[in-house]
Every structure is written in C-alpha cells, then in structure tokens.
Engineer: 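Below are the structure tokens for one structure; questions will follow.
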Amino acid sequence: MNEGVEWAVHVCLLLDWMGTGEPVSTTRLAAGYELPPPYLNKQLQALARAGILASTPGARGGFRLVRPLEKITLMDVVTAIEGPEEAFQCADIRRRGMGADQAESAFELPCTVHTAMRHAEYAWRRALAAQTLADIRAKTERMLPTLADRVRSWYELN
C-alpha cells in the first residue's frame with residue numbers, strides 16, 4: 001500500500017486536532033511530520049477530490065476537513081489515495097505454459113487463486129469500511145491523552 005495512505009490518515013487526524021476549521025498549508029502540514037510538501041500535496045489533492053478535504057487556493061489557502069471524522073472510514077482514505085481498483089489483478093496465468101494446450105472447458109471454473117484473493121480483499125475492505133477516523137482518534141487519545149494539545153501547541157509555534 002502506498003505510504004500516502006498513512007500520511008493522509010495522519011493529516012486528517014491532525015486537522016481535526018488543530019480544531020480551527022481554517023485551511024492549513026501543505027507546507028505547514030508537511031513540517032509536522034517532516035514530509036516532502038509536493039508529495040504530500042498530491043495526497044491531499046486526492047482527499048479533496050474524494051470530498052474528505054477542501055482545498056483553498058492562495059497565500060492563505062490550504063486544506064481543511066469537510067467531513068467529520070465520524071463520517072470518514074479508512075476505506076474512504078484508501079480509495080481516495082489508491083483508487084477503487086482491486087489490489088489483486090488476476091492475469092489468469094493458468095492458461096499459459098503447461099496450461100496453454102488445455103481445452104477451454106478446463107477453465108470454466110473460476111481460478112481458485114483469484115477466488116481466494118478476492119475473498120481476502122473483500123474481508124479487508126469490509127474491515128477498513130467498518131473503522132472510522134473517529135475510532136482511531138478515540139483510541140489514540142486514550143493512549144496519549146495530551147496529544148491533541150501537543151499538536152495545537154506545535155502548530156501555534158511553527
């Protein structure tokens with residue numbers, strides 16, 4: 001999975017913890033995690049296209065959340081960054097090499113590798129769709145109760 005997914009989830013949480021509702025520049029957001037701003041901007045633009053963030057152009061522009069964390073699932077973020085395509089793409093290689101001379105009837109049943117991978121991916125997608133960023137925020141705040149205050153303080157100073 002693209003590291004942009006991790007970055008996108010962290011930035012959504014960060015924007016929520018900042019609590020201002022005001023746009024924050026990519027440069028400032030990137031500084032908080034020492035990320036390259038141009039690459040982070042690409043991920044944030046994808047979140048904006050998905051309706052998770054809004055992008056405001058200009059010197060005072062940046063990104064802000066447009067949906068509450070309760071309405072953003074991990075699957076929403078993964079889909080925004082990675083796209084909606086299935087992760088496993090079956091090339092049906094069973095038809096090549098030693099399978100090339102088989103009758104077409106040998107391939108009437110679905111490939112068991114493809115079926116197993118599709119089943120696993122659906123389970124993965126369901127698990128991601130069942131978990132919101134609010135769930136992650138709550139767990140994080142239970143583990144690190146002062147984190148939101150630390151985030152706000154860091155961004156006030158930087």
Side-chain angles (χ1 to χ4, degrees), residues 1-19 23-24 26-55 62-148 150-151:
M1 186 179 307
N2 184 321
E3 65 187 355
V5 172
E6 176 188 3
W7 297 4
V9 172
H10 276 280
V11 167
C12 288
L13 292 167
L14 181 129
L15 288 169
D16 183 73
W17 282 321
M18 288 176 74
V24 181
T26 302
T27 302
R28 287 189 72 213
L29 292 168
Y33 295 110
E34 297 180 350
L35 300 174
Y39 186 64
L40 179 61
N41 189 64
K42 182 179 170 184
Q43 312 313 312
L44 300 179
Q45 290 292 343
L47 292 176
R49 285 190 298 278
I52 294 169
L53 300 181
S55 174
F63 293 89
R64 64 181 176 77
L65 282 169
V66 292
R67 289 174 25 202
L69 296 186
E70 291 79 8
K71 301 282 185 189
I72 305 169
T73 67
L74 285 175
M75 192 69 236
D76 294 333
V77 176
V78 169
T79 301
I81 303 301
E82 295 285 328
E85 298 82 25
E86 292 181 359
F88 179 77
Q89 300 296 317
C90 182
D92 209 13
I93 65 170
R94 65 190 177 143
R95 293 176 177 262
R96 296 189 228 154
M98 66 181 125
D101 62 350
Q102 295 292 310
E104 192 60 32
S105 61
F107 305 107
E108 287 176 357
L109 294 176
C111 173
T112 54
V113 172
H114 181 127
T115 303
M117 294 300 282
R118 177 169 279 166
H119 177 75
E121 181 156 347
Y122 287 155
W124 175 73
R125 287 177 178 264
R126 280 190 303 274
L128 291 173
Q131 201 166 165
T132 69
L133 296 192
D135 298 332
I136 295 170
R137 177 189 59 206
K139 184 174 183 175
T140 302
E141 289 174 351
R142 280 191 305 275
M143 292 169 38
L144 302 164
T146 63
L147 182 59
R150 287 190 4 234
V151 165

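One-based numbering along the sequence shown. Given the structure is predicted, the values throughout are model-derived calculations rather than measurements.
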Engineer: Is there side-chain contact between Val66 and Leu53, with heavy atoms separated by less than 4.5 Å?
Structural biologist: no
Engineer: Give a yes or no on whether Leu144 atom CG has more than 12 heavy-atom contacts from other residues, nucleotides or ligands under 6.0 Å away.
Structural biologist: yes
Engineer: Where is the tightest heavy-atom contact between Pro110 and Thr115, given as atom of each residue plus distance?
Structural biologist: CB-OG1, 3.7 Å
Engineer: For Leu128 and Thr73, work out which heavy atoms get closest and say how close.
Structural biologist: O-CB, 3.8 Å
Engineer: Roughly how far, to the nearest 0.5 Å, is CG of Leu147 from CD of Glu141?
Structural biologist: 7.5 Å
Engineer: Show the nearest heavy-atom pair for residues Gly4 and Tyr39, with the distance to one decimal.
Structural biologist: N-OH, 4.3 Å
Engineer: Hey, is Asp92 close enough to Arg94 for a salt bridge, meaning N to O under 4.0 Å?
Structural biologist: yes
Engineer: What distance separates Ile81 CD1 from Gln45 CD, expressed to the nearest 0.5 Å?
Structural biologist: 10.5 Å
Engineer: Do Gln43 and Val11 make a side-chain contact, defined as non-hydrogen atoms from C-beta onward lying under 4.5 Å apart?
Structural biologist: no
Engineer: Using a cut-off of 6.0 Å, state whether more than 12 heavy atoms not belonging to Met1 lie near its atom CE.
Structural biologist: yes
Engineer: Between Arg64 and Leu15, is any pair of side-chain heavy atoms under 4.5 Å apart?
Structural biologist: no
Engineer: Please report the shortest heavy-atom distance between Cys12 and Leu47, naming the atom on each side.
Structural biologist: SG-CD1, 4.0 Å
